[in-house]
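A quick write-up on the structure given underneath.
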Amino acid sequence: QVQLVESGGGLVQAGGSLRLSCAASGRTFSNYAMGWFRQAPGKEREFVARITSGRNTYYADSVKGRFTISRDYFNNTVYLQMNSLKPEDTAVYFCAVARVPGMAVSAIDYWGKGTQVTVSS
C-alpha cells in the first residue's frame, strides 16, 4: 500500500523558513516525478514545485528564488526548503507523485494528506 507522509509544517513569522519532508513508502518512486502542491482556504489546489526522476526542477513563479525542492532516491523522500516566507504562503501543503513529469493535478498518481503551513505577518 502506497503512503506519502508529510512533515515539517507549522507556524512561522514572515521572513522565516521551514523545511517540509515527504516520505514515500509502499513502492519505489525513482522513475516518478515528485512534487508539492498547496491549497489555501477557499482556493483551488495549486502547483508549487516538482522534481523529475532526472532531478530537473520546476517552480511556480510565486515561489521561485525562495523555495528549493530536492529528493533522496535512497530514502524515497522529497523535501521542500521554504525561505523568506510570506503570509500568502499560508496553506496546506500536499506531497504528490506522478509518472507524468508535468504533474498536472489530474495526472497525479498519489497524494499525501497534507501539512499545514501558517505564516504570520
Side-chain angles (χ1 to χ4, degrees):
Q1 181 180 357
V2 172
Q3 279 192 313
L4 304 179
V5 179
E6 302 99 334
S7 61
L11 173 64
V12 65
Q13 288 189 330
S17 298
L18 284 173
R19 189 190 194 211
L20 304 183
S21 300
C22 171
S25 61
R27 65 163 298 159
T28 299
F29 291 106
S30 57
N31 292 327
Y32 283 62
M34 302 184 79
W36 294 91
F37 290 73
R38 66 187 181 187
Q39 189 166 17
K43 294 188 177 181
E44 292 187 352
R45 193 167 297 190
E46 65 175 5
F47 165 75
V48 175
R50 70 180 188 269
I51 182 166
T52 67
S53 58
R55 294 189 188 271
N56 294 314
T57 58
Y58 303 87
Y59 299 92
D61 288 342
S62 59
V63 308
K64 222 173 268 185
R66 300 188 297 122
F67 291 10
T68 303
I69 190 170
S70 60
R71 66 190 292 175
D72 180 338
Y73 289 93
F74 182 79
N75 290 310
N76 231 12
T77 301
V78 63
Y79 304 96
L80 186 68
Q81 178 66 43
M82 306 186 295
N83 298 329
S84 302
L85 282 161
K86 304 175 181 180
E88 51 263 45
D89 294 318
T90 295
V92 178
Y93 283 70
F94 296 90
C95 176
V97 294
R99 285 164 290 183
V100 177
M103 293 195 79
V105 171
S106 59
I108 299 301
D109 292 289
Y110 304 101
W111 290 100
K113 293 184 178 181
T115 185
Q116 177 70 46
V117 171
T118 303
V119 184
S120 63
S121 56

| query | After noting the C-alpha distance and the side-chain angles of Leu80 and Thr68, does the key distance pass the side chain to side chain contact (heavy atoms under 4.5 Å, CB included) rule? | reply | CA-CA 6 Å; Leu80 186 68; Thr68 303; over 6 Å; no
| field | Cluster link Phe67 to Val119, ILVMFWY, side chain under 4.5 Å | value |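 Same cluster.
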| request: Determine whether Leu20 and Tyr59 fall in the same hydrophobic cluster, where Ile, Leu, Val, Met, Phe, Trp and Tyr are linked whenever their side-chain heavy atoms lie under 4.5 Å apart. | output: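 Yes, because Leu20 and Tyr59 connect within a single hydrophobic cluster, where side-chain heavy atoms sit under 4.5 Å apart.
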To the closest 0.5 Å, what do you measure between [atom1] ([X]) and [atom2] ([Y])?
X	Y	atom1	atom2	answer
Lys64	Tyr58	NZ	OH	11.0 Å
Phe47	Ser62	CZ	OG	9.5 Å
Cys22	Met34	SG	CE	5.0 Å
Thr28	Asn76	OG1	CG	5.5 Å

Would a 4.5 Å heavy-atom cut-off, applied to side chains only, mark [X] and [Y] as touching?
X	Y	value
Thr115	Val92	no
Trp36	Ile69	yes
Val78	Ile51	yes

| task | Please confirm whether the backbone N or O of Pro101 pairs with a side-chain atom of Tyr32, one donor and one acceptor, at under 3.5 Å? | result |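 The answer is no, because no donor-acceptor pair under 3.5 Å joins these two groups.
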| query | With no hydrogens and no angle check, is any side-chain donor or acceptor of Thr77 less than 3.5 Å from a backbone partner on Asn75? | reply |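 Yes; at least one donor-acceptor contact below 3.5 Å.
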| said: Considering only residues two or more places apart or on different chains, which pairs with a residue in residues 11-25 satisfy side chain to side chain donor-acceptor pair (under 3.5 Å)? | reply: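 Qualifying pairs: Ser17-Asn83.
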| task | Among residues two or more places apart or on two chains, list those pairs meeting side chain to side chain donor-acceptor pair (under 3.5 Å) that have a residue in residues 42-55. | result |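 Every pair satisfying side chain to side chain donor-acceptor pair (under 3.5 Å) with a residue in residues 42-55: Arg38-Glu46, Gln39-Arg45.
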| Which pairs, with at least one residue in residues 66-83 and sequence neighbours excluded, count as a salt bridge (Lys or Arg N to Asp or Glu O under 4.0 Å)? |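 The answer is Arg66-Asp89.
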| Pairs where residues 107-118 contributes a residue and the test salt bridge (Lys or Arg N to Asp or Glu O under 4.0 Å) is met, not counting sequence neighbours |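 Of all non-adjacent pairs touching residues 107-118, those that pass salt bridge (Lys or Arg N to Asp or Glu O under 4.0 Å) are Arg99-Asp109.
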| query | Apart from Val100 itself, what residues make up its hydrophobic cluster when side-chain heavy atoms of I, L, V, M, F, W and Y under 4.5 Å apart count as a link, directly or indirectly? | reply |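 Val100 clusters with nothing; isolated.
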| field | Steps toward side chain to side chain contact (heavy atoms under 4.5 Å, CB included) verdict (Val117, Thr90) | value | CA-CA 5 Å; Val117 171; Thr90 295; 5.9 Å; no
| said: Show every ring-ring contact (aromatic ring centres under 6.0 Å, His included) that has at least one partner inside residues 81-121, sequence neighbours left out. | reply: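 Listed by first then second residue: Phe29-Tyr110, Phe37-Trp111.
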| said: Any donor-acceptor pair under 3.5 Å linking the side-chain atoms of Thr118 with those of Gln116? | reply: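 Yes - a donor-acceptor pair under 3.5 Å links their side chains.
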